[in-house]
Amino acid sequence: MLKPSVIRSLIASVLIATQVAPLAVAQNQLPAMGDGADMTAGAERRIGERIVRELYRDPDYIDDPILGEYVQRIWQALLAGARARGELPPELDERFAWEILLGRDGSVNAFALPGGYLGLHLGLIGVVNSRDELASVLAHELTHVTQRHISRLMTQQNRQAPWMVGALILAALAASKSPEMANAVLTGGQALAAQNQLNFSRDMEREADRIGFGVMTQAGFEPSGFVTMFEKLQQASRLNDNGSFPYLRSHPLTTERIADMQSRVPMTGSPMGPQEPTMEHAMVAARARVLSYPGVDLLRAWSTEPELAGFASLSAPRRAAVLYTAALAAERLREYGRAIALVRRLLALTTGNAQASRQARLLAVDIALAANNLPLASSLMETLGSGPSLARPELLQLAQLRTREGRPELAIDSLQTWVATHPLDAAAWQALSAAYRDQNQVLRAVRAEGEVQMAHLDYAGAVDRFKAARALSVKGSLLPADHIEASIIDTRLRLAESRLREQALER
Ligand SMILES: [Zn+2]
């Protein structure tokens, strides 16, 4: 959640800019966007970067490697599906970020941002019953981006400076997350105006449904996921559950949309009903629920749920979800003995199901690390594999474990290999920085800190770190290997400075 002070300053920027922007634009010869000409992909991407730079700093932003990987697998399949159907023009494919930012928020929401960024609340992951349901929402949002709905909305913003469009979207996001807070800093009319700037037209919504459905089925997801997700939204809409389903506010279920959906997926007469989730999905959804700030009382209740009478009669996926929830809740409550006992039951239950048992082991390592039980974490890690083929969750756990064991050299190679192919992975750079520091390789540690800032588009922060690294390299007597590092730092500093200048010019 953005802090009230941040919202207030965003809104102030918007209101001031509303009065001065047209003149400023004319004087500075910024590219005009209101001539009916489409915004270029590059201009849209820059607005998106402005927005996500703020979102990365929002305390709600969460880079959870397990949830991130789960969402990423669905997202990459959808992008491939969109390419295969010719719905993703090569220029957008190349220029846009295609990145999903997770927010800790427990409400059900997903939203497309300019430049190929998407926001996804953990609350949505927590309520879907299958990958297919999640895919149906992501495919819809993806289509808003590929069909340039966002640039069309922004083009309607009449010649506003790009930074201001970004501020407006941030303000509307904040208002949609917390109407009470928005009301405290905005009059009702202003809040509504900010919100309406973000709303797509009915035609755009129907197009996103139609093309999104084609993309998700092309990608191999079950059409039934589209139907059951719709039913879930309809049910929430009947209950008037707009508080926990902000998605419904931006995506009203009009009769046209429902009719369109029914013509696409003929009802077979057999009610879909609540689908049984796979064991892996049930565990991932459970994780999303626990990580979305549920409050201590709920964590306490969840952590004892496996002791309740009905537990034994639940299906295996439901039992896995209850155990996962209880173990992670106990970890959050720092009741490590109980968390370890619970995760052992989960490990036993998931034996024989490769994906589910991997999820159980990843959770077990997390709990062992939180409990500072390094021998247990190490023995569990061995069952998760090693070497250069490690997936991201395992890689980051291994780095944390080896650094805390005082053997960072055992993780540095894998991390270096990873950042060479994933240069914008802030968490991997952060882990690398900690490992270098432990080895007293201060120069490299400080440069890695600069790369963390680069990945989060904070160029002022990156310049600061790269300058600090350069000062170290000038002062200290360098090892031969450090000379190479020093020249890399120079190059990175120049890049960060030039990005910072570009940013200042956009104002
Ligand atoms: Zn939509």
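Each ligand, and each atom within it, is numbered from 1 in the order the structure gives. All values derive from a computational prediction rather than experimental measurement.
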The Zn ion (ligand 1) to His144: any N/O/S contact under 2.8 Å? yes
Are Ser315 and Glu276 close enough that a side-chain donor and a side-chain acceptor fall under 3.5 Å? yes
How about Glu141: does one of its N, O or S atoms come closer than 2.8 Å to the Zn ion (ligand 1)? no
Below 3.5 Å, can you tabulate the donor-acceptor pairs from side chains in residues 320-327 to any protein atom, sequence neighbours excluded?
from, atom 1, to, atom 2, distance (Å)
Tyr324, OH, Arg287, NH1, 3.0
Thr325, OG1, Ala321, O, 2.6

Phe200/His251 under ring pair (Phe, Tyr, Trp, His ring centres under 6.0 Å): CA gap, chis, key distance, verdict: CA-CA 9 Å; Phe200 297 113; His251 290 83; 7.1 Å; no
Per residue Glu205, nearest N, O or S atom to the Zn ion (ligand 1) is named OE1
Which residues pass the side chain to side chain contact (heavy atoms under 4.5 Å, CB included) test with Thr146, sequence neighbours left out? Leu88, Trp98, Leu142, Thr143
